[in-house]
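Whatever order the structure lists ligands and atoms in, that order sets their numbers, starting from 1. Start at 1 with the first residue, then count along the sequence. The structure displayed is predicted, hence computed values, not measured ones.
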Amino acid sequence: MPDLSGKVAIVTGCASGIGAATVRRLRSDGAEVLGTDLDAAAGEALCAEVGAEFAVQDVSDRALWPQIVARAVTAFGRLDILVNNAGMVSGAGIGDWDDEAMFAAWDRVLAVNLSGTMVGCRAAIAAMRDNPGGSKGAIVNIASTTAMAPLPTDVGYSASKGAVRVLSKSVATWCAQRGLNIRCNTVIPGATMTGILAAAEVQTPGLIAAVAKTSPLNRLADPSETAAAIAFLASDECPFMTGAEMLVDGAMMAIHPGF
Ligand SMILES: NC(=O)c1ccc[n+]([C@@H]2O[C@H](COP(=O)([O-])OP(=O)(O)OC[C@H]3O[C@@H](n4cnc5c(N)ncnc54)[C@H](O)[C@@H]3O)[C@@H](O)[C@H]2O)c1
């Protein structure tokens, strides 16, 4: 298990699924954690249970990000880890011809999944640069296998996750070239049994059964299995890993689709 004692983390989308599992995992590995979510009741309950701080946050609210980071630094004295996990599906394909609904869904999913991640990186780097003892940090952004094999039924979700992969590499190399000792990596989950998949099932009936079959393990991931990869990338165990991607997909992307 990575040792995260003495480290301070922010985890967005902490109220459910992979975010909740990540808060639990980082706490059990020794980190202090500020969890954030739109869902105040569930986020507050989860964080109280594991001894984490909680703040209500819409990650697409740019003005709020510096306040969230300041809250972690004020509470715990530094910021070592940001997990940009909050995300949503939009449920709109390219040929959904209701322009108003389509463009609203597109704008929202890009604002949350992509812009929220970018603004979070900016705010975190600004704090990580000023850490006591010198600049240091680890950012983990959450993409999706839909960034590699997109959903025809959700162009905005798939495109936003594809962009998160490239965003992470740009952030990683910007920090590396400036000697900031701030790493940025991407975790790419496959089908994981969480609320977002339940929501996607409503948009695309049969999706859960179909995606379970796409892993040769023939099952969905438990969110704790994704959280383990996030904790590793957030830790000091992998100082040469930056601009990298870690698939947690039960070999979904490793097998020929015909088999
Ligand atoms: N579950 C999967 O199969 C799967 C696969 C690939 C990638 N992912 C990604 O994993 C991440 C976590 O998703 P999950 O599966 O745990 O889903 P989830 O729905 O269980 O959890 C997402 C959390 O994010 C919060 N959230 C949504 N919009 C927000 C916003 N604007 N600001 C703050 N919080 C917000 C929700 O309230 C919720 O608590 C997402 O980025 C998702 O795209 C999930």
Side-chain angles (χ1 to χ4, degrees), residues 10-25 34-47 54-65 68 82-91 105 107-120 123 140-151 154 156-165 167-168 186-204 207-212 214-215 219-227 229-230 245-250 252-253:
I10 294 173
V11 179
T12 68
C14 75
S16 171
I18 294 167
T22 301
V23 172
R24 288 183 191 283
R25 176 65 197 244
L34 171 63
T36 80
D37 205 287
L38 278 176
D39 184 340
E44 187 89 63
L46 182 278
C47 289
F54 174 75
V56 177
Q57 181 191 22
D58 180 340
V59 295
S60 72
D61 182 343
R62 290 179 187 169
L64 194 54
W65 260 110
I68 293 293
L82 170 65
V83 183
N84 275 312
N85 164 77
M88 59 177 292
V89 292
S90 83
D107 288 347
R108 180 67 183 153
V109 79
L110 268 287
V112 173
N113 294 3
L114 178 57
S115 299
T117 299
M118 182 276 287
V119 180
V140 183
N141 294 328
I142 310 302
S144 163
T145 46
T146 62
M148 307 164 90
L151 294 171
D154 201 328
Y157 181 75
S158 307
S160 70
K161 293 300 185 177
V164 164
R165 294 178 66 195
L167 166 72
S168 296
T186 302
V187 165
I188 304 181
T192 312
M193 199 49 244
T194 67
I196 209 168
L197 197 57
E201 170 81 14
V202 174
Q203 307 288 346
T204 312
L207 181 71
I208 290 179
V211 292
T214 59
S215 162
R219 68 173 177 87
L220 303 174
D222 184 85
S224 64
E225 297 175 291
T226 316
I230 294 169
E245 300 181 325
M246 196 175 273
L247 273 160
V248 187
D249 71 339
M252 179 197 288
M253 302 308 300

Just to be sure I'm reading this right: ignoring hydrogens, which of [options] gets closest to [atom]? Compare them by their nearest heavy atoms.
atom	options	answer
atom 15 (O) of ligand 1	V83, T194, T12	T194
atom 7 (C) of ligand 1	A143, A42, G87	A143
atom 37 (O) of ligand 1	V56, D39, D37, T192	D37
atom 40 (C) of ligand 1	N85, N113, L38, V248	N85

Going by the order shown, which atoms of ligand 1 are within less than 4.0 Å of some heavy atom of [X]?
X	result
G17	16 (O), 20 (O)
D58	30 (C), 31 (N), 32 (N)
K161	40 (C), 41 (O), 42 (C), 43 (O)
V59	30 (C), 31 (N), 32 (N), 33 (C)
A86	24 (O), 33 (C), 34 (N), 35 (C), 41 (O)
A191	3 (O)

Look up atom CG in L38 and atom OG in S60, then write down how far apart they are to the nearest 0.5 Å.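 One finds 7.5 Å between CG of L38 and OG of S60.
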Quick one: pull up NZ in K161 and CG in N141 and give me the separation to the nearest 0.5 Å.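 Nearest 0.5 Å value for the NZ-CG distance: 9.0 Å.
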What pairs with R165 under side chain to side chain donor-acceptor pair (under 3.5 Å), at least two apart in sequence or on another chain?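 With sequence neighbours excluded, R165 shows a side chain to side chain donor-acceptor pair (under 3.5 Å) to E245, given in chain and number order.
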Return yes when Q57 approaches ligand 1 closer than 4.0 angstrom through a heavy atom, no otherwise.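 It does, in that a heavy atom of Q57 comes within the 4.0 Å cut-off of ligand 1.
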For [atom], grab the closest protein heavy atom and report residue, atom and distance to one decimal in Å.
atom	result
atom 5 (C) of ligand 1	G190 O, 3.1 Å
atom 8 (N) of ligand 1	Y157 OH, 3.6 Å
atom 24 (O) of ligand 1	G13 CA, 3.5 Å
atom 19 (O) of ligand 1	I196 N, 3.0 Å

Pair up each side-chain donor or acceptor in residues 142-149 with any protein partner under 3.5 Å, not counting sequence neighbours, and list the distances.
from: S144; atom 1: OG; to: T146; atom 2: N; distance (Å): 2.9
from: S144; atom 1: OG; to: T146; atom 2: OG1; distance (Å): 2.8

Taking distance alone, with no angle check, do G195 and ligand 1 share an N/O pair under 3.5 Å?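 In this structure, G195 places an N or O atom under 3.5 Å from an N or O of ligand 1.
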Can you check whether I142 has an N/O within less than 3.5 Å of an N/O in ligand 1?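 So ligand 1 has no N or O lying under 3.5 Å from an N or O of I142.
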